[in-house]
Amino acid sequence: MTSTPAHDTGSSSPAGSSSPAESISPAESTSADGSPPPVDDFASQVLDVVDSIPPGQVMSYGDIAEYLGAGPGPRQVGRVLAVYGGAVPWWRVIHSDGTPAPGHDSRALEHYLAEGTPLRSSRPPVRVDMRRARWPAHPSR
């Protein structure tokens with residue numbers, strides 16, 4: 001079942017690069033006409049969580065998977081961001097060690113500095129201070 005998200009899923013991340021996350025083949029990330037595949041319920045939930053992360057704070061791919069409960073894990077969160085992440089603040093989703101997705105250090109660093117995100121290192125490899133920046137989102141279940 002697909003749902004219509006409140007996100008513009010056709011955009012890419014800043015600077016024209018694809019949004020960060022796990023590598024997927026072009027066949028898996030686009031429809032026959034070259035557009036992104038329809039957004040399913042899981043993808044819509046991931047994008048909603050990413051949209052809710054406050055500026056200056058972050059969640060790891062695993063944090064988002066855990067927040068959403070049973071179902072797909074961190075790699076699937078990464079897959080959603082690889083396909084649709086340009087519509088949300090993708091730089092707020094990072095690896096559990098505090099590093100942004102590979103190849104996106106400099107663009108993510110611009111956002112971290114602008115938002116006042118606590119950093120452990122602003123030189124490659126860029127590393128967010130997870131103890132200070134992790135958003136303690138708690139589901140209201």
Side-chain angles (χ1 to χ4, degrees), residues 1-31 33-141:
M1 175 178 196
T2 61
S3 63
T4 305
H7 311 283
D8 173 15
T9 58
S11 63
S12 64
S13 65
S17 64
S18 62
S19 62
E22 303 300 322
S23 295
I24 59 175
S25 73
E28 294 174 303
S29 64
T30 59
S31 298
D33 65 358
S35 64
V39 179
D40 62 20
D41 290 339
F42 177 72
S44 183
Q45 291 172 346
V46 168
L47 296 172
D48 287 344
V49 171
V50 175
D51 259 345
S52 71
I53 302 169
Q57 297 191 283
V58 298
M59 290 180 83
S60 72
Y61 297 100
D63 291 341
I64 292 174
E66 184 179 330
Y67 178 85
L68 293 175
R75 289 185 185 268
Q76 288 75 22
V77 170
R79 177 186 220 89
V80 168
L81 289 175
V83 176
Y84 307 108
V88 296
W90 54 265
W91 58 92
R92 296 182 191 150
V93 182
I94 61 179
H95 296 118
S96 60
D97 68 357
T99 57
H104 295 278
D105 287 30
S106 62
R107 191 70 181 124
L109 179 60
E110 291 175 23
H111 291 287
Y112 300 149
L113 295 173
E115 294 182 357
T117 306
L119 300 173
R120 292 186 63 182
S121 173
S122 60
R123 289 184 291 192
V126 172
R127 192 175 303 262
V128 171
D129 185 337
M130 290 297 284
R131 287 188 301 155
R132 294 175 39 215
R134 180 176 263 140
W135 187 45
H138 299 288
S140 56
R141 296 181 209 169

If you take all heavy atoms of [X] and [Y], which pair is closest and at what distance?
| X | Y | value |
| --- | --- | --- |
| L47 | V88 | O-CG1, 3.8 Å |
| F42 | P72 | CZ-CB, 3.7 Å |
| Q45 | L68 | CB-CD2, 3.9 Å |
| A133 | T117 | CB-CG2, 4.1 Å |
| D97 | M130 | C-CG, 4.4 Å |

Over 12 foreign heavy atoms within 6.0 Å of CZ, R127: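 Above 12, so yes.
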Would you check if [X] and [Y] make a side-chain contact, meaning some heavy-atom pair closer than 4.5 Å?
| X | Y | answer |
| --- | --- | --- |
| H111 | R92 | no |
| Y61 | I94 | no |
| I53 | V93 | yes |
| S60 | R134 | yes |
| P118 | V128 | no |
| W91 | R107 | no |
| P89 | D51 | yes |
| H95 | P100 | no |

Give the C-alpha distance, both sets of side-chain angles, the deciding distance and a yes or no for side-chain contact (heavy atoms from CB on, under 4.5 Å) between V126 and Y112. CA-CA 10 Å; V126 172; Y112 300 149; 4.1 Å; yes
Taking [X] for the side chain and [Y] for the main chain, is one N or O donor matched with an acceptor at less than 3.5 Å?
| X | Y | result |
| --- | --- | --- |
| Q76 | G73 | yes |
| E115 | G56 | yes |
| S52 | V49 | yes |

